[in-house]
Amino acid sequence: MIISMKQHSSQEEIDAVCNRITDFGYRIHTVEGAERVVIAAIGVGDVTACLESLEAMPQVENAVRISAPYKFVSREFKREKTRIQVSSCEIGGDDFVVMAGPCSVESDKQIMASAHAVAEAGGKILRGGAFKPRTSPYDFQGMELEGLKLLKKAREATGLAVITEIMSDRDVEMVAEYADILQVGARNMQNFALLKRLGSAGRPVLLKRGLSSTIKELLMSAEYIVAHGNRDVMLCERGIRTFETVTRNTCDIVAVPVLQEMTHLPVILDPSHATGKRSLVPALCRAAVAIGADGLLMEIHPCPEKAVSDGAQSLHLPTFRQMMKELQPYVELWRESRAAAVAGESTKMTEAAVTV
Ligand code: PEP
Ligand code: MN
């Protein structure tokens with residue numbers, strides 16, 4: 001169950017509700033939002049009797065039963081999509097958002113050229129890893145703080161927002177100082193210490209699906225971040241590991257509409273890691289738009305042949321420009337269908353919808 005308290009409830013009122021819930025045998029987990037406190041009741045008990053009892057308490061705004069183990073991120077909890085404001089753009093809203101840039105930040109020249117290409121082609125967010133999770137300990141590990149500083153410089157020069165990967169809970173404060181969005185990589189999807197810490201990072205989080213993770217596991221990881229206080233979470237399908245070897249990973253494209261059904265969080269597709277091959281990226285970008293993703297996270301490079309990581313899947317800048325142009329008619333159709341979906345959603349909005 002999720003119990004939403006009325007706005008500005010006093011601590012005494014909150015305690016009274018918590019006591020009532022524990023009397024019914026449930027454990028509680030409270031999340032304090034800007035406007036109200038929301039309480040998750042977890043465990044087994046007499047749901048119907050507990051709900052009735054809570055609904056009778058005047059300080060309770062509403063109480064709903066949520067059967068899924070991921071509660072705060074489920075569509076049952078919140079019908080309307082979460083919109084995440086990042087600088088001048090909104091993710092999960094009326095615009096299809098393109099985040100692009102190199103796999104790794106390598107140099108001033110490389111990141112500036114990439115940033116200008118993103119801005120000129122209509123992208124809104126610059127990507128670039130300063131901390132790199134590499135399979136081999138002997139591979140380039142990232143420029144770390146120097147890389148973050150270069151991202152900041154590119155941000156100031158172009159007005160783009162910046163997304164970069166966070167690998168450890170110890171680095172959250174430092175990375176949050178430079179980045180607008182914190183990216184949790186596939187290998188860290190179940191780094192629970194990191195997920196918990198991101199609850200209080202004060203920055204939106206893009207959570208990538210683990211290499212061999214199910215959709216439910218992805219949602220449970222997102223739940224960690226939200227349950228620890230940060231509701232600005234977006235999910236990213238980046239391909240999963242299967243028996244197929246022609247592509248680097250297998251893109252679970254249907255995960256996009258599946259997630260759109262199961263959760264209110266924005267869903268992003270990464271066509272670069274999903275394929276590992278630049279020739280396949282434009283087609284997958286079109287597919288992402290057509291299937292209703294909220295945006296793309298993709299790799300580009302001024303000279304992919306010389307990239308220190310993921311060159312084979314990075315688009316050359318002119319190809320990226322061309323791809324963005326060719327994507328436009330699809331994005332127009334996307335806008336029409338998104339507007340229709342939002343109109344339909346608002347008429348269907350249930351009582352479960354609350355602002356945390
Ligand atoms: C990346 O975005 O460069 C990256 C390392 O991605 P993933 O975590 O999906 O492998
Ligand atoms: Mn990469």
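Order of appearance sets the numbers: ligands from 1, and atoms from 1 within every ligand. Both backbone and side-chain heavy atoms feed into the values below; hydrogens, waters and symmetry mates do not.
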Inset, instruction - Would you mind running through ligand 1 and noting each atom that sits below 4.0 Å from a heavy atom of Q183? - result: 1 (C), 2 (O)
Inset, instruction - Mark the output for R209 as yes if a heavy-atom distance to ligand 1 is under 4.0 Å, and as no if none is. - result: no
Inset, instruction - Answer yes or no: is there a side-chain heavy-atom contact under 4.5 Å between Q313 and R278? - result: no
Inset, instruction - Check all N, O or S atoms of E299 and name the one closest to the Mn ion (ligand 2). - result: OE2
Legend entry - Ionic contact status for E332 with R335, cut-off 4.0 Å: yes
Legend entry - Distance from atom 8 (O) of ligand 1 to nearest protein heavy atom, with residue and atom: A186 N, 2.7 Å
Inset, instruction - Provide the number and element of each atom of ligand 1 under 4.0 Å from a heavy atom of C103. - result: 3 (O)
Legend entry - Atom name in D310, limited to N/O/S, at shortest distance from the Mn ion (ligand 2): OD2
Legend entry - Check ion pair R134-D139 (N to O, under 4.0 angstrom): yes
Legend entry - Interfacing atoms of ligand 1 (cut-off 4.0 Å, heavy-atom, E165): 5 (C)
Legend entry - Selection from R238, R248, H273, R127 by shortest heavy-atom distance to atom 9 (O) of ligand 1: R238
Legend entry - Per-atom contacts of ligand 1 with R187, taking only distances under 4.0 Å to non-hydrogen atoms: 7 (P), 8 (O), 10 (O)
Inset, instruction - Identify the residue among D232, D94, D294 that makes a salt bridge (charged side-chain N to carboxylate O under 4.0 Å, His left out) with R83. - result: D94
Inset, instruction - Measure the shortest side-chain to side-chain distance between T164 and F131 over non-hydrogen atoms and say whether it is less than 4.5 angstrom. - result: no
Inset, instruction - Enumerate the atoms of ligand 1 whose separation from the nearest heavy atom of E299 is less than 4.0 angstrom. - result: 1 (C), 3 (O)
Legend entry - Salt-bridge present (R75, E261; N to O < 4.0 Å): no
Inset, instruction - Can you pull out the closest protein heavy atom to atom 7 (P) of ligand 1? Residue, atom name and distance to 0.1 Å, please. - result: K208 NZ, 3.5 Å
Legend entry - I28 CD1 to I3 CD1 distance, which is reported to the nearest 0.5 Å: 9.0 Å
Inset, instruction - Just give me the atom name: the N, O or S atom of H273 closest to the Mn ion (ligand 2). - result: NE2
Inset, instruction - Kindly assign one of parallel, tilted or perpendicular to the pair H29 and H228, based on the angle between their ring planes and the thresholds 30° and 60°. - result: perpendicular
Legend entry - Test: R338 and D95 ion pair at under 4.0 Å: no
Inset, instruction - Report, in ascending order of atom number, the atoms of ligand 1 lying under 4.0 Å from any heavy atom of G185. - result: 8 (O)
